[in-house]
2 protein chains.
Amino acid sequence: MKLSPVLFAKAIADETRQNIMKLVCCKWLSVSEIVEKVGYSQPTISHHLAILRDAGLVNIREEGKQTFYSLNQENIAVCCGQLMIKFAPENKVTEAIVKVVNA
Amino acid sequence: MKLSPVLFAKAIADETRQNIMKLVCCKWLSVSEIVEKVGYSQPTISHHLAILRDAGLVNIREEGKQTFYSLNQENIAVCCGQLMIKFAPENKVTEAIVKVVNA
DNA sequence: TGATTATATAGAAATTTGTCTATTTGTCAA
DNA sequence: TTGACAAATAGACAAATTTCTATATAATCA
């Protein structure tokens with residue numbers, strides 16, 4: 001799984017996708033459940049989920065006819081950490097993260 | 001200055017802008033210097049700089065005819081922290097950040 | 001003042017993105 | 001096996017984005 005700063009940024013650079021991410025942040029939801037809550041068509045939701053999938057930001061579980069998605073918090077934390085190290089290397093919070101990661 | 005997760009993500013969701021960000025990460029550069037290094041036209045660079053400015057990601061210093069830009073590492077760290085708290089709240093690195101910020 | 005330089009703004013063209021409808025694929029139940 | 005349901009894919013279209021050239025604005029210098 002490639003986690004690049006640009007791919008990550010593109011994936012989260014859309015309000016609808018951030019809404020979906022918040023929905024599945026701490027629980028598994030099927031595509032239909034996400035469709036219901038977000039209010040866009042099912043293909044539109046599938047499209048957004050595919051973008052999140054390609055960026056490595058969601059976990060996927062297939063169960064019969066249904067597919068469940070949940071947020072991959074680990075990868076999101078890694079991407080945010082990469083961004084901070086790349087673009088805020090002299091910041092004290094970044095330095096604290098580096099310490100945690102290297103510990 | 002409004003620092004929203006979507007505005008931040010849109011601002012960094014472009015390879016050229018990330019290149020510019022890397023260039024001015026730890027030093028002040030004039031627009032002409034950035035143009036030279038990035039290789040796009042001056043208006044294109046000005047446009048990208050305006051997007052970074054509107055997202056609160058750069059510091060600006062005017063000096064005579066020239067305008068110098070440098071990355072606002074503080075705001076970038078804040079935005080990344082917001083993203084982590086919003087989308088990776090259960091991650092141990094996020095928890096470490098929260099501790100640092102609250103300390 | 002007039003010429004030159006640095007940057008920003010305006011406007012246009014090409015590309016990318018987000019959304020939809022229609023269709024396909026895959027799974028389950030009768 | 002047939003029908004129904006869930007999700008993915010294809011294709012079209014509108015809106016947004018990225019880039020360019022041309023022009024405007026502002027500062028400096030002869």
Side-chain angles (χ1 to χ4, degrees), chain A residues 1-2 4-24 27-72 79, chain B residues 1-2 4-24 27-72 79:
Chain A
M1 175 57 59
K2 55 176 174 185
S4 84
V6 173
L7 195 61
F8 171 66
K10 281 181 187 291
I12 66 173
D14 178 88
E15 186 145 29
T16 302
R17 276 196 297 277
Q18 285 204 11
N19 289 340
I20 293 173
M21 288 169 71
K22 198 79 195 95
L23 281 176
V24 298
K27 59 173 177 258
W28 292 90
L29 287 182
S30 70
V31 176
S32 322
E33 289 171 317
I34 299 170
V35 167
E36 256 182 34
K37 290 179 195 278
V38 175
Y40 281 117
S41 71
Q42 175 267 310
T44 293
I45 299 301
S46 279
H47 171 246
H48 285 307
L49 289 170
I51 289 171
L52 294 174
R53 187 224 315 128
D54 293 347
L57 306 192
V58 287
N59 307 117
I60 302 178
R61 205 183 72 214
E62 312 210 352
E63 213 165 279
K65 303 188 267 198
Q66 306 189 86
T67 309
F68 292 86
Y69 289 81
S70 75
L71 213 54
N72 187 327
C79 287
Chain B
M1 175 57 58
K2 56 176 173 185
S4 86
V6 173
L7 194 61
F8 171 65
K10 281 181 187 291
I12 66 173
D14 178 88
E15 186 146 29
T16 301
R17 276 196 296 278
Q18 285 205 11
N19 290 340
I20 293 172
M21 288 168 72
K22 199 78 195 93
L23 281 176
V24 298
K27 59 174 179 258
W28 291 90
L29 288 182
S30 69
V31 177
S32 323
E33 289 171 317
I34 298 169
V35 168
E36 256 182 35
K37 290 178 195 279
V38 175
Y40 281 118
S41 71
Q42 175 266 311
T44 294
I45 299 301
S46 279
H47 171 248
H48 285 307
L49 289 170
I51 289 172
L52 294 173
R53 187 224 314 130
D54 293 347
L57 306 192
V58 286
N59 308 116
I60 302 178
R61 206 184 70 215
E62 312 209 353
E63 214 164 278
K65 303 188 268 197
Q66 306 189 86
T67 308
F68 291 86
Y69 288 82
S70 76
L71 213 55
N72 187 328
C79 286

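Every value quoted in this text rests on a predicted model; they were computed, and no experiment measured them. Because only heavy atoms are used, hydrogens play no part in the values below, and waters and symmetry mates are left out as well, while side chains stay in. Just so we're on the same page: letters track the sequence lines, and every chain starts at 1.
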### Query
Does B/Gln66 or A/Glu63 map to a spot on DNA chain C nearer the 5' end, using the closest nucleotide for each?
B/Gln66
#### Entry: Interatomic distance where OH belongs to B/Tyr40 and P belongs to D/dT21 [whole Å]
13 Å
### Task
Name the nucleic acid region contacted by A/Thr44, choosing base, sugar-phosphate or nothing; use a 4.0 angstrom heavy-atom cut-off, strictly under.
base
## Note on the structure
Rounded to whole Å, NE2 of B/His47 lies from P of D/dT21 at a distance of 16 Å
### Task
Send over the distance from B/Leu52 CG to D/dT18 P, rounded to a whole Å.
11 Å
### Query
Of the candidate nucleotides D/dA8, C/dT17, D/dT18, which contains the atom at the shortest distance from the side chain of A/Lys10?
C/dT17
### Task
In whole angstrom, give the distance that lies between atom CG of A/Leu7 and atom P of C/dT17.
11 Å
### Query
To the nearest Å, how far apart are B/Asp54 CG and C/dT9 C1'?
14 Å
### Task
Measure from CD on B/Glu62 to C1' on D/dT25 and round the result to the nearest Å.
12 Å
### Query
Counting side-chain heavy atoms from C-beta on, which of D/dA10, C/dC28, D/dT28 comes nearest to A/Lys65?
C/dC28
### Query
Start at the 5' end of DNA chain C and walk down; is the nucleotide closest to A/Ser41 or to A/Gly64 reached first?
A/Ser41
### Message
Taking any heavy-atom pair under 4.0 Å as a contact, classify A/Tyr69: base, sugar-phosphate, or nothing.
### Response
sugar-phosphate
## Note on the structure
Looking only at heavy atoms, the pair that brings A/Ala55 and A/Leu7 closest together is CA-CD2, 4.0 Å
### Query
What nucleic acid atoms does A/His48 come within less than 4.0 Å of, heavy atoms only: base, sugar-phosphate, or nothing?
sugar-phosphate
### Message
I need the CD1-P distance between B/Ile45 and C/dT9, as an integer number of Å.
### Response
15 Å
### Message
Can you measure B/Leu49 atom CG to C/dT9 atom C1' for me and round it to whole angstrom units?
### Response
14 Å
### Query
Looking only at atom types and distance, does a side-chain atom of B/Glu33 sit under 3.5 Å from a main-chain N or O of B/Ser30, one as donor and one as acceptor?
yes
## Note on the structure
Closest to the side chain of B/Gln42, out of C/dA8, D/dA8, C/dC20, is C/dA8
#### Entry: Side-chain N or O of B/Arg17 closer than 4.0 Å to phosphate OP1/OP2 of D/dT17
no
### Heavy-atom closest contact (B/Thr16 atom, B/Val38 atom, distance)
CG2-CG1, 4.1 Å
### Query
Any donor and acceptor pair, going by atom type alone, linking the side chain of B/Gln18 with main-chain N or O of B/Ile12 inside 3.5 Å?
yes
### Summary
Between B/Ile51 and A/Ser30, the residue closer to the 5' end of DNA chain D by nearest nucleotide is A/Ser30
### Task
For A/Arg17 and A/Leu52, indicate whether the former's side chain and the latter's backbone hold a donor-acceptor pair under 3.5 Å.
no
